[in-house]
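Here's the structure, in structure tokens; my notes come after.
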Amino acid sequence: MFAPDAPGELGDLPNPDMLRRPTMRREAQSTSALEGTFEPLETVLAQDYEVGEDKSGLSESMREVLNYLDAAECGIGQIQSGHPISLHSRARIAEASCEGHEVRQSTGLGYTIHPSVHRLTHAAHRGCAFRVPMPPGRIGRLLVLLQMMSRGLLSQPLLSVSPWFERRRPEYQDRLLGVSTKGDWDDWILFFCQDIEESCEDALLRVKRLVNVRQRYRSLLDEHRYSGLSVQTAMYLIGQPAVTASMLRRRFGKSPSAVQHALSRLVSVGILRAYPAGRGNLYIAPDIHKVLAAPLGAAIDVSVPLMCERGE
């Protein structure tokens, strides 16, 4: 995840795209909250949405959160295709987020980047030369992640920077104001680098725990000799910890009876818990939800047994 430390810290991640999904939703929820658009994290994690799908019928606040996911995937796709973060690509990312007005108000094509902002950043547990473009708003924080990927500091977008800023909102706003009114880049860069360092440490623990939970799911299902759709669903939960039967039918193309059978098995072994929701049930994976919902800096025990293994 955090190049070049990934080989020693995490090795080969199983299905990094699935691990990326909850991380990006956590970032989408927090970065939107920083701008005054609030949706509970639990609601965002449970939303049945794939990038690019129709958002009509959803609340305005949820649409704004999901717009961030569209913009992030647009940028990540460009980086992974080998394209640099150009002024044109920034305009495309802003358009995907429905925030094109931010771009036009700045330079007409992209954000102004301070020409002398080159500092030694302590990120991913190593210092790296790193140019910091940090315009205000969701697009600015997204560009931070994209530039880290472009520079090889992140091999996967499994870092969420906004929760750290959100916990320090007054100082965050004061630091940005200092840049815009006094050109106080040094204090901003130190503040920003502290976010990156602490957020990397936090993200590393969360990813390690999710990988551990995934392994424990496989062992638990093997013990019960469950296979097929039961295992597929359990692995899917790593990226989507709250599901419904209809969501799984669309995802896997299986019959209602097959999906319900798999859900019943996962509930029986404690991987899922069922909660009444409308005409059906919402199924939540408590161990995964606990990892994602833990506040920044919370103690995360990477190897603790599953809740069902502890009798909870």
Side-chain angles (χ1 to χ4, degrees), residues 1-28 30-31 51 68-94 96-97 110-135 138-165 185-186 188-208 210-211 239:
M1 175 176 60
F2 308 115
D5 289 288
E9 291 284 5
L10 290 172
D12 294 328
L13 287 173
N15 197 349
D17 287 342
M18 187 57 68
L19 289 169
R20 161 172 124 194
R21 182 186 179 103
T23 303
M24 295 310 299
R25 290 197 174 213
R26 184 167 171 264
E27 175 66 13
S30 182
T31 197
V51 169
Y68 176 89
L69 297 180
D70 290 346
E73 286 302 315
C74 174
I76 292 167
Q78 292 187 59
I79 299 277
Q80 293 180 334
S81 298
H83 296 103
I85 306 176
S86 63
L87 296 179
H88 175 68
S89 66
R90 292 176 200 186
R92 286 188 59 193
I93 292 166
S97 75
Y111 293 108
T112 301
I113 300 175
H114 193 280
S116 64
V117 183
H118 292 273
R119 294 294 187 272
L120 190 68
T121 286
H122 196 83
H125 303 155
R126 289 192 183 180
C128 305
F130 178 27
R131 193 182 184 197
V132 183
M134 192 59 184
R138 290 177 293 176
I139 294 299
R141 290 185 291 277
L142 173 56
L143 287 175
V144 167
L145 296 176
L146 296 179
Q147 186 168 32
M148 291 181 74
M149 290 185 67
S150 180
R151 296 295 180 89
L153 299 177
L154 286 175
S155 57
Q156 291 289 336
L158 303 181
L159 174 64
S160 181
V161 301
S162 294
W164 194 91
F165 286 136
W185 283 94
D186 286 343
W188 163 251
I189 290 169
L190 289 174
F191 182 66
F192 165 78
C193 289
Q194 186 182 356
D195 176 348
I196 296 298
E197 180 179 13
E198 294 184 18
S199 295
C200 280
E201 293 170 351
D202 178 81
L204 189 61
L205 286 176
R206 290 179 199 268
V207 171
K208 283 184 174 181
L210 289 174
V211 171

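The residues of the chain are indexed from 1 along the displayed sequence.
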Of all heavy-atom pairs linking Pro157 and Thr23, the shortest is O-CG2, 4.0 Å

Does Arg206 form a side chain to side chain contact (heavy atoms under 4.5 Å, CB included) with Asp202? I'd like the steps, not just the answer. CA-CA 6 Å; Arg206 290 179 199 268; Asp202 178 81; 2.6 Å; yes

Which value, rounded to the nearest 0.5 Å, describes the distance between Leu204 atom CG and Ser199 atom OG? 12.5 Å

For Phe191 and Trp164, I'd like to know if the aromatic rings sit close, meaning centre-to-centre distance below 6.0 Å. yes

For Ser162, does its backbone N or O pair with a side-chain atom of Glu27 as donor and acceptor, under 3.5 Å? yes

Could you work out, with salt bridge (Lys or Arg N to Asp or Glu O under 4.0 Å) as the rule, every residue matching Asp195, not counting sequence neighbours? none

Rounded at 0.5 Å granularity, tell me how far OG in Ser160 sits from CZ in Arg141. 10.0 Å

Partner set under side chain to side chain contact (heavy atoms under 4.5 Å, CB included) for Leu205, not counting sequence neighbours: Ile300, Val302

Which atoms form the tightest heavy-atom contact between Leu146 and Ile76, and what is the distance? CD2-N, 3.7 Å

Can you tell me how far apart CG (Leu69) and CZ (Arg21) are? Round to the nearest 0.5 Å. 8.5 Å

Euclidean distance, Leu210 CG relative to Met18 CE, rounded to 0.5 Å: 11.5 Å

Interatomic distance, CD@Glu197 vs SG@Cys200, rounded to 0.5 Å, equals 8.5 Å

Here the gap from Leu158 atom CG to Arg26 atom CZ, rounded to the nearest 0.5 Å, amounts to 12.0 Å

Please examine the side chains of Leu19 and Gln156, heavy atoms only from C-beta on, and report whether any two atoms are closer than 4.5 Å. no

Residues forming a salt bridge (Lys or Arg N to Asp or Glu O under 4.0 Å) with Arg20, sequence neighbours excluded: Asp17, Glu73

Heavy-atom pair of closest approach, residues Ile79 and Ser150: CD1-CB, 3.7 Å

Compare every heavy atom of Pro163 with every heavy atom of Ser30, then report the nearest pair and how far apart it is. OG-N, 3.1 Å

